[in-house]
Amino acid sequence: MQLSELEIIRREKLNQLRERGINPYPADLYPVNNTSKKIKENFEEGKKVVVAGRLMSRRIQGPASFAELQDADGRIQVYFNRDEICTGEDKSHYNDVYKKLLDIGDFIGIIGELFKTQVGEKTIMVKNFTLLSKALKPLPQPRVDAEGKVHDAFTDPEQRYRQRYADLVVNPHVKEIFVKRTKLFNAMRTFFNEHGYFEVETPVLQPIPGGAAARPFITHHNSLDIPLYMRIANELYLKRLIVGGFDGVYEFSKNFRNEGMDRTHNPEFTAMEIYVSYKDYNWMMDFCEQLLEFCAIQVNGTSKATFGEHQIDFKAPYPRVTMAESIKHFTGFDITGKTEDEIRKAAMDMKIPVDETMGKGKLIDEIFGEKCEGNYIQPTFITDYPKEMSPLCKEHRDNPELTERFELMVCGKEIANAYSELNDPIDQRERFEAQLKLADRGDDEATAFIDYDFLRALEYGMPPTSGMGIGMDRLIMFLTNNPSIQEVLFFPQMRPEKKKVEMTEDEKTVYTLLKANAPIALEELKTQSGLSNKKWDKAIKGLTASKVAKVEKTDEVLMVAVL
RNA sequence: GACCUGGUAGCUCAGUUGGUAGAGCACCUCCCUUUUAAGGAGGUGGUCCUGGGUUCGAGCCCCAGCCAGGUCACCA
């Protein structure tokens, strides 16, 4: 491993600490009885406190020094004074251990007394300190000046995402996003639980990946010897539980989709799905707007939120617009009662790219997506979607071409999707079969599996039910003003870092020869290398194992190639 | 998948027409007992993303690749 100068210095300090009998990684608990936040809130001159955290900055002035200690709640200033810490003749605990052997990033425990400095800053006078854990890698050190401007911020997104632990240590605003994320989940749980709904867990590994149209991740179960799929949705399992007699069930579901990644898509993401019996989608709209107003207030203390240039307000109620009204409003074209051809022509007149394979539903969706969707900045329910696009949704009670479905749009993006759930088992079977036919014809958006067990469940009878899914990542993006999903996931998916191949001396010798002569017969390479049998064997195996060279059998001889 | 931008010290970034690799902070040594972007003096630190090419000479120009971000397309 190649170490930088700074890392070497810290390792040397580690050794010096051990030579002094100081364990840099002690096992015993440290009796913390305060935090930076509590100290600042309940400040009492002279009060004794025990705190622990990371040393984050230091200003040394000879025998005195100010430093900042960072714990889970924030930072507090601490004051190290040589003669307070070293009451006897031996001043080495201050002069050597504190001044020379501690570094920014080290965890220390402090026993001290509270006081205010001459400029009025609440500070801990250190009476004794203990090294709790030594940091061997230097942290980035952003600093804030008198005007509140941040200098040397740790900003490179690649490093921040790959080393989120460092990002969280030095960027308090990043930590705040994740605090809000958890507040959002807690708020939803509270809201649902207070309504008497029941949190459940359903399978992540599914024999049939149902409930949505998306490419799944496939894995294999060894002892059953069957393929299993990471769930793309949990919808069909929650409905089985409604069949089973629960009134209302919900689950925060980590879903997995084997598709592209961009600013708003991560291969794994979190959806919340809730199903409530004896309700319809009109009830669910009321419920949804109450829920989101409550969540926004729990997270931000207000129903208002800023997203980019937009001010949005989650205060209920939200406007409800049918898809037909929306299209009429933004394009002047009324889709009601129109044939597929009429709608296709209208779409072409609007310069929307269409083709012959698109059915009526798809055409309407294209028009809406192109001309309407982006206009809804404030939370707005779009209702009554065409039937073709919603194989799990009940037909509209007043119009057989539509479904009882709504999506909630915020800043032109969908954050919730809900139905009066289809509970007619015969209708459901026919819609699955229609999907299967589409899939057989090569439509990769259609679902290629029929979940017969789910149909069996419906045949036992599912009460009228309304269900809703909310994209949790997207919602927290809106509530924290982040345009990228990576900022609201602790560990967004990244391409793996490439490991530098490190070779032994023998491997290097062989590799140099190989590079100059490849492809070359194995025996010849061995002779040229001049290595003993054992050394040769180890070197060539090392090179093939680390995938820099490859041995291939051609006719009679073994050939070695460079990769 | 296409295009645009970027990759230089631990961090943030300069780098002239192609001519010995730079700054601030951090770090090391020394001074400094209520500071706060502490201060003062001196110093260390580099696979310029990787591999080729052009050239007397490449951080810079050319080609190929890797990684990231963005825009678009695709996809919910």
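To find a chain, count down the sequence lines: A is the first, B the second, and so on, and within it residues start at 1.
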Donor-acceptor pair under 3.5 Å, A/Glu121 side chain vs B/U36 base: yes
Side-chain N or O of A/Arg143 closer than 4.0 Å to phosphate OP1/OP2 of B/A38: yes
Ring centers of A/Phe185, A/Phe252 separated by less than 6.0 Å: yes
Between B/U47 and B/U55 - P atom distance, rounded Å: 29 Å
Pairing partner (Watson-Crick or G-U wobble, both distances under 3.5 angstrom) of B/G24: B/C11
Out of B/G69, B/U35, B/U33, whichever nucleotide has its closest atom nearest the side chain of A/Phe66: B/U35
A/Lys13 side chain near B/C27 phosphate (N/O to OP1/OP2, under 4.0 Å): no
Nearest to side-chain heavy atoms of A/Leu6, which nucleotide of B/C13, B/U34, B/G10: B/G10
A/Phe449/A/Tyr229 aromatic ring centres below 6.0 Å: yes
Sugar-phosphate, base or nothing in reach of A/Ile9, heavy atoms under 4.0 Å: sugar-phosphate
Sugar-phosphate only, base, or nothing, as touched by A/Val170 at under 4.0 Å among non-hydrogen atoms: nothing
For B/C74, the Watson-Crick or wobble partner whose two distances fall under 3.5 Å: none
Any A/Arg59 side-chain N or O less than 4.0 Å from OP1/OP2 of B/U36: no
Euclidean distance, atom CZ of residue A/Phe115 to atom C1' of B/U35 [Å, nearest integer]: 10 Å
Touch class at under 4.0 angstrom, heavy-atom based, for A/Ser65 against every strand present: nothing
Side-chain donor/acceptor of A/Asp152 to base of B/G24, under 3.5 Å: yes
Axial cation check for A/Tyr98 ring with A/Arg58, 6.0 Å and 45° limits: yes
Base-pairing assignment for B/G57 (Watson-Crick or G-U wobble, both under 3.5 Å): none
Residue closer to the 5' end of RNA chain B, A/Arg263 versus A/Asn417 (nearest nucleotide): A/Arg263
Sugar-phosphate, base or nothing in reach of A/Tyr79, heavy atoms under 4.0 Å: base
Electrostatic pair A/Glu121:A/Lys116 at N-O distance under 4.0 angstrom: no
Rounded distance in Å between the C1' positions of B/G59 and B/G43: 26 Å
Spacing of A/Phe154 atom CZ relative to B/C25 atom P, expressed in whole Å: 21 Å
Partner nucleotide, any strand, of B/G69 [Watson-Crick/G-U, under 3.5 Å]: B/C4
N/O (side chain, A/Gln159) to phosphate O (OP1/OP2, B/C11) under 4.0 Å: yes
Sugar-phosphate, base or nothing in reach of A/Gln61, heavy atoms under 4.0 Å: base
Sugar-phosphate, base or nothing in reach of A/Leu139, heavy atoms under 4.0 Å: nothing
First encountered from the 5' end of RNA chain B, between A/Glu68 and A/Phe269: A/Glu68
Of the listed nucleotides B/C27, B/U35, B/C74, the one nearest the side chain of A/Ile104: B/C27
A/Met494 CE to B/C66 C1', straight-line distance once rounded to whole Å: 13 Å
Opposite nucleotide pairing with B/U34, Watson-Crick or G-U, both atom distances under 3.5 Å: none
Any A/Gln486 side-chain nitrogen or oxygen under 4.0 Å from OP1 or OP2 of B/G69: yes
Touch class at under 4.0 angstrom, heavy-atom based, for A/Lys99 against every strand present: nothing
Pairing nucleotide - B/A41, Watson-Crick or G-U, each distance under 3.5 Å: B/U29
Nearest-Å distance once atom C1' is located in both B/U50 and B/C66: 7 Å
Side-chain N or O of A/Arg82 closer than 4.0 Å to phosphate OP1/OP2 of B/U33: no
Modelled atom types, side-chain donor and acceptor of A/Tyr165 and A/Asp167, under 3.5 Å: no
Sugar-phosphate, base or nothing in reach of A/Tyr161, heavy atoms under 4.0 Å: sugar-phosphate
Pairwise side chain to side chain donor-acceptor pair (under 3.5 Å) hits with a residue in residues 408-420 of chain A, at least two apart: A/Glu404-A/Ser420, A/Arg405-A/Asn417
Nearest listed nucleotide, side chain of A/Thr123, among B/U35, B/C13, B/C74: B/U35
Between P of B/G39 and CG of A/Asp145, the distance in whole Å: 12 Å
Watson-Crick or G-U counterpart of B/G51, or none if no pair lies under 3.5 Å: B/C63
Among B/C67, B/U35, B/C75, the one nearest A/Glu158 by side-chain distance: B/C67
Sugar-phosphate only, base, or nothing, as touched by A/Lys100 at under 4.0 Å among non-hydrogen atoms: sugar-phosphate
Sugar-phosphate only, base, or nothing, as touched by A/Glu5 at under 4.0 Å among non-hydrogen atoms: base
Touch class at under 4.0 angstrom, heavy-atom based, for A/Glu373 against every strand present: base
Between A/Phe269 and A/Phe256, ring centroids under 6.0 Å: no
Lys/Arg N to Asp/Glu carboxylate O, A/Lys37 vs A/Asp73, below 4.0 Å: no
